[in-house]
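Only one structure is covered here, and it is reproduced in the block below.
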Amino acid sequence: MYIDDLNPAQKQAVEKTEGPVLILAGAGSGKTKVLTTRIAYLVEDKNVNPGNILAITFTNKAANEMRERVENMVGESSHDMWISTFHSCCVKILRKDINKIGYNRSFVIYDASDQITLVKECIKELDLNDKKFEPKSIISTISSAKDKLMDPKEFARQAGTDFWLKTVAEVYAIYQERLIRSSALDFDDLIFKTVELLKTNEDVLNFYRGKFRYIMVDEYQDTSRAQYELVKMLAMGHQNICVVGDDDQSIYGWRGADIRNILEFEKDYDNVFVVKLEQNYRSTQIILDTANYLIANNTERKKKKLWSDKKDGKPVKVKLLKNEVEEANYVVNEIYENSMETGRNFSEYAVLYRANAQARAVEDALNRFQIPYNIYGGTKFYERKEIKDLIAYLRVIVNPQDDISVKRIINVPRRGIGLKTIEKLEDRASMMKESLYSVLLDVDNNSDISTKSKKGINEFVDLIGIFRSISDGYPPSIMVDKILEMTGYLAELEAQKLKNEKLQNGKSEEAQDRIDNLQEFKSIAIEYEKRDDGSEEVKNLSDFLANISLSSDMDDENSKEMEKVSLMTMHSSKGLEFPVVFIVGMEEKVFPIARAISSLNDSDIEEERRLCYVGITRAMRELYLTHTASRTLYGKTNVNLKSRFLKELPDDSIEILDSTIKPVEYAGKDYSLLQNYAQKYKNSMSVNKAKEIGARILDNKNEIQIDQDVDIKRSEGKGADSYNVESIPKVKKGTIINHPSFGEGAVISKLGGEITVAFNKKGVKKINLEYTTIKVLKY
DNA sequence: GCATGCTCATTTTTT
DNA sequence: ATGAGCATGC
C-alpha cells in the first residue's frame, strides 16, 4: 500500500482524516505525495465516496498533476472527485446556479486586459483626471477589495473622507454595474460571487456542504480572505478540512494572499491537528542549511527546520562579477562546463531572477554560447492581438451582451465603422441601459448613424447572427474556422503577408506568425474537444472559453520536456526543482527590490526574503548566487551593494569565489574559451559562427575597456562590498565625462556623491552619482 | 482611419 | 531598453 512509502510525519498527515488538519509542509517535503496518498487512503481505506472529495490547488499545473497521480492510485473513481483550482471550481458552481444571484449562466470571464479596457471606460464616464487615477492602480485596489469580499457599498463606507479612495469607490460601483450588464465576471468575482451565492442561498450551500465531506486545500499560505471564507463556509459542519502550506513560501502577499490564514488556522478551527513535514527529499543538507539560516531572519513565521539525509554536497557558490553581461557570461560558462563535466542535460539547469527584465542579459549569453533555453513569462499566447480578436468573436457568440468584446471586433476586419460612430452607439446604449449589441440590432431606426456605417453594422450583426444560430451544432474548433473564413480575418492576414512580401519590409513574417498562432489556437480547441477529463459534460463553447481563460502557458507540458536551460523569475519557480540553480542579481535594489527597501512596511522585506528562500530551495545539488558591481536595468546603470540576503547566509555553507574584477582579462579568457567550445561543443557550431562569436566578444572587450575608465573598484577603506561613488576619486573639477542621457560635459564641482556638470548641449546640471553611471572621457 | 513619432513608466502573476 | 499609450499629421 502507498502509505508504507511515507515517513512518520507524512503518515500521520494521511491517517488523520477527520477534523481540521494543518500540514506545514516545507519545500520539497513531499506534500503532493501526502495529499494524493491521503485522497487514496480516504477512498480505499475509509470507504469514502469519491464524489465527497474536494481538493483545491492554485494552479492548473498542480491540479493536473494531482489528478493524474490520484488516478494512478485509485483508478477511474477519481473522476468523481473535484480536483481543481479555486477558480475553475467556482466556475463549475456558478455555471449551475449563478442565475440565483442575478447573473446569466452563460457569463464570460474578463481577463486583466479586459479589466483595463472596462476601467478606462469608467474613468471616462466619470471624467476623471487619468494622471491621478491610473487604471492599473484602480484595478488593483478594486481587486484587493474583492479579495476581502468588499462590495462597492462597503468599499465606499470604508473609504471615508479620503478623496482618492472615494473616487475609486465610484469607479468600482460603475465597473461592477457594467460587468453585471455584460454578463461578465472578472477573476476576483469568480470567488466573490461564489461566496455570495452560498451566503444567500441556503439550499445551494447545503448541497455543497453535503457533497464535499472531505476538503483539502493546497498552498494554503496563498489564499485570500475570500478564498478563506469560501473554504470555511464549505467546511463548516463536518470540519473535515485539511490545509497544506508553508508560511515560509508565501510570496503572493501583493496579490491578496493573506498569510494570516495559515498562521491563524489553529485559532479559526477547534482541535486542529498540526503536522510538520520537515524532511526534505530534494536538496543537499548544505543547501537546506543555507535556506534555513536565511529564513530564520523572518519574525512572522512558524518555526521549522528542513533537514535532508543527503549529507554530501557542494557549498553554495557566491560570485561577484563586473556587470550583468559578465554575470550572464559567467553563468552560461558554468552551465556549459558543468554539463561537460557531469554529463547533465541542459534541462537540469535553471537561472532564476527577481524581475523578468533581467532575463535579457542571460538570453544574450545563452545565444552566444548556442545553448538552448526556455524562457517563462513574457507575452502570453492568449494575450496576442489575433488571439484576443478571435476569442472576442467566440465570446460575443456565447454572450452578445459582452460590450467589451463587441467593441473590440465590431470593426475588425474593417467594416467602415469609425470611432465616432462607436461613440454614438455607446452613448445610446448607456442612455437606454442596454447592451451595445442590442443597439446594433436596432441600428436601422437610428437616425444618427450614416448609411455607410449602418451597412457595416448590419454586416457585423448578420455575421454574429449566423454564428449564433449554428454554434450549438458545431464544436469550438469548427466555429473558429467559420469565424476566420466568414469574417475575412484570415484573408486579410494572407493579403498582408503577400503585400509585405513584395515590399520586402520583413513584416510578412509577422503576418505569417499571426496565421500560425490562429492555427495553434484551433489545435488547442481540437485538443480540448478530444480531452477526456472524466466528466460527461458536453464540450460547448462557453466551457471552452472558461477553460482557456483559466489556463496559461505555464500549464503547457510540451515545452519543458526539451533539453533546455530554464529561465524564470523566482515567483514562477515555486513548486519546481532543478539539480543546478543560479540566482542572479543578488544585489540591494534588485533583490530585495528597491520598492521593498523603501517600503515603510517591514513585511515587504520579509516577503522578499521568503522569495529568496523559495529560490534557494529549488536547488537539488548545486546552487550559485551571483551579484555584480554595476548593473544596467531599465536603461539605467546602477552601482549596487551586495544583497543583504547574501550577508544573512551561514559562512560555513557558502564559498565566496575569487571576485577580483579584471574585466579585460576576463573577456580575453572568454574569447579563448569560446574558441575551444567551437571545437568541443557537441552541436558543433560552424567556423563562421565561431568567428562571429569571437567578434562579438571582442566588441564586448572594447566596451569594457572604455567602461573601465569609470574605475569602479572596491573602496578599500569601506569594507569589501562598497562600490559607491566615493570609489570614483579621480573625478574632479575639469574632468570630461559622458552622461548616458545628457551627453558630454565638464565637471564644475563635486560635493559628496553629487557633481555639477556643464554639459555641451544640455546646460548645467547636478548629477547624483549614486543613481547614474557616467563614463570618464578625460581626467 | 491609419502611420509615425514622442513621452512615460517600469516587480513579482495565477486565475 | 523597451514597449505601450497618446498626439499629431497625412
Side-chain angles (χ1 to χ4, degrees), chain A residues 56-63 84-91 109-113 115-117 120 130-131 134-137 140 143 146-147 185-192 219 222-224 226-227 250-257 324 352-361 364 376-380 382-383 385 411-412 414-422 452-453 456 505 507 546-555 568-575 585 589-599 604 607-608 610-612 614-615 631-637 740-741:
Chain A
I56 304 180
T57 62
F58 265 82
T59 63
N60 294 303
K61 212 175 137 198
S84 68
T85 63
F86 263 109
H87 291 82
S88 61
C89 166
C90 287
V91 168
I109 302 165
Y110 275 4
D111 67 14
S113 65
Q115 282 183 292
I116 291 179
T117 316
K120 275 185 186 162
D130 50 0
K131 273 266 147 35
E134 294 158 297
K136 260 196 184 164
S137 42
S140 72
S143 170
K146 288 185 175 180
D147 282 339
L185 278 75
D186 63 19
F187 285 122
D188 304 310
D189 277 345
L190 293 176
I191 315 292
F192 194 153
E219 305 279 12
D222 287 337
T223 47
S224 67
Q227 289 162 337
S250 164
I251 53 175
Y252 287 111
W254 50 274
R255 69 173 204 217
E324 76 283 356
L352 310 181
Y353 33 78
R354 176 63 243 256
N356 282 312
Q358 290 170 254
R360 175 69 42 90
D364 288 349
Y376 297 81
T379 326
K380 311 267 185 327
Y382 294 119
E383 282 166 20
K385 184 189 172 303
N411 199 32
V412 179
R414 260 161 274 152
R415 303 185 177 92
I417 307 164
L419 283 180
K420 274 265 140 50
T421 307
I422 294 175
K452 185 180 148 231
S453 298
N505 59 4
K507 277 193 177 175
N547 189 284
I548 59 177
S549 295
L550 298 177
S551 63
S552 77
D553 299 10
M554 270 305 256
D555 311 329
M568 66 186 87
T569 62
M570 279 172 274
H571 280 93
S572 323
S573 76
K574 196 161 124 206
K589 298 188 184 176
V590 176
F591 189 34
I593 206 155
R595 269 196 216 191
I597 294 172
S598 60
S599 161
D604 288 346
E607 184 154 314
E608 294 285 300
R610 289 194 292 270
L611 184 58
C612 189
V614 167
R631 173 180 305 272
T632 307
L633 197 59
Y634 306 118
K636 253 182 155 183
T637 304
S741 45

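This structure is a prediction, so every number in the text was calculated from the model and none was measured. FYI, side chains are in, hydrogens and waters are out, and symmetry mates aren't considered; it's all heavy atoms of this structure. Proteins get letters first, then strands, A, B, ... in listed order; numbering begins at 1 in each.
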Between the base of B/dT12 and the side chain of A/Arg255, is there any donor-acceptor pair under 3.5 Å? no
Round to a whole Å and report the spacing from CD of A/Gln358 to P of B/dT10. 17 Å
Applying ring pair (Phe, Tyr, Trp, His ring centres under 6.0 Å), name anything that partners A/Phe192, two or more places apart in sequence or on another chain. none
Just how far, in rounded Å, is C1' of C/dG3 from CG of A/Leu633? 15 Å
Taking only the side-chain heavy atoms of A/Arg595 (C-beta and beyond), determine which of B/dT15, B/dG1, B/dT10 contains the nearest atom. B/dT10
How many Å lie between CD1 on A/Ile251 and P on B/dT13, as a whole number? 9 Å
So how far is it from A/Leu190 CG to A/His87 NE2, rounded to the nearest 0.5 Å? 5.5 Å
With a 4.0 Å limit, can you tell me whether A/Ser88 has a side-chain N or O closer than that to the phosphate oxygens OP1/OP2 of B/dT15? no
Would you indicate which nucleotide in B/dT13, C/dG5, B/dT15 comes nearest to any side-chain atom of A/Asn356? B/dT13
So A/Tyr634, base contact, sugar-phosphate only, or nothing? Heavy-atom distance under 4.0 Å. base
Measure from CG on A/Asn60 to P on B/dT13 and round the result to the nearest Å. 16 Å
Nearest whole angstrom, please: distance from the P of C/dA4 to the NZ of A/Lys136. 11 Å
Can you tell me the distance, in whole Å, between the CH2 atom of A/Trp254 and the P atom of B/dT15? 12 Å
Applying a 4.0 Å non-hydrogen cut-off, can you work out what A/Ile548 is touching in the nucleic acid: base, sugar-phosphate, or nothing? nothing
Between C/dC6 (C1') and A/Glu134 (CD): distance, integer Å: 15 Å
Starting at the 5' end of DNA chain B, which residue's closest nucleotide do you reach first, A/Ser549 or A/Arg354? A/Arg354
Proximity to the side chain of A/Arg360 - top-ranked nucleotide from B/dT13, C/dT2, B/dT15: C/dT2
Atom-pair distance (CZ on A/Arg610; P on B/dT13), nearest Å: 17 Å
Starting at the 5' end of DNA chain B and moving along, which residue's nearest nucleotide shows up first, A/Thr85 or A/Glu608? A/Glu608
With A/Ser88 via side chain to side chain contact (heavy atoms under 4.5 Å, CB included) - residues at least two apart: A/Ser84, A/Thr85, A/Leu550
I want to verify a distance call: between B/dC2, B/dT11, B/dT15, whose nearest atom is closest to the A/Arg414 side chain? B/dC2
Interatomic distance, A/Ser573 atom OG to A/Tyr376 atom OH [nearest 0.5 angstrom]: 11.5 Å
Can you tell whether the side chains of A/Arg354 and A/Glu608 come within less than 4.0 Å, N to carboxylate O? yes
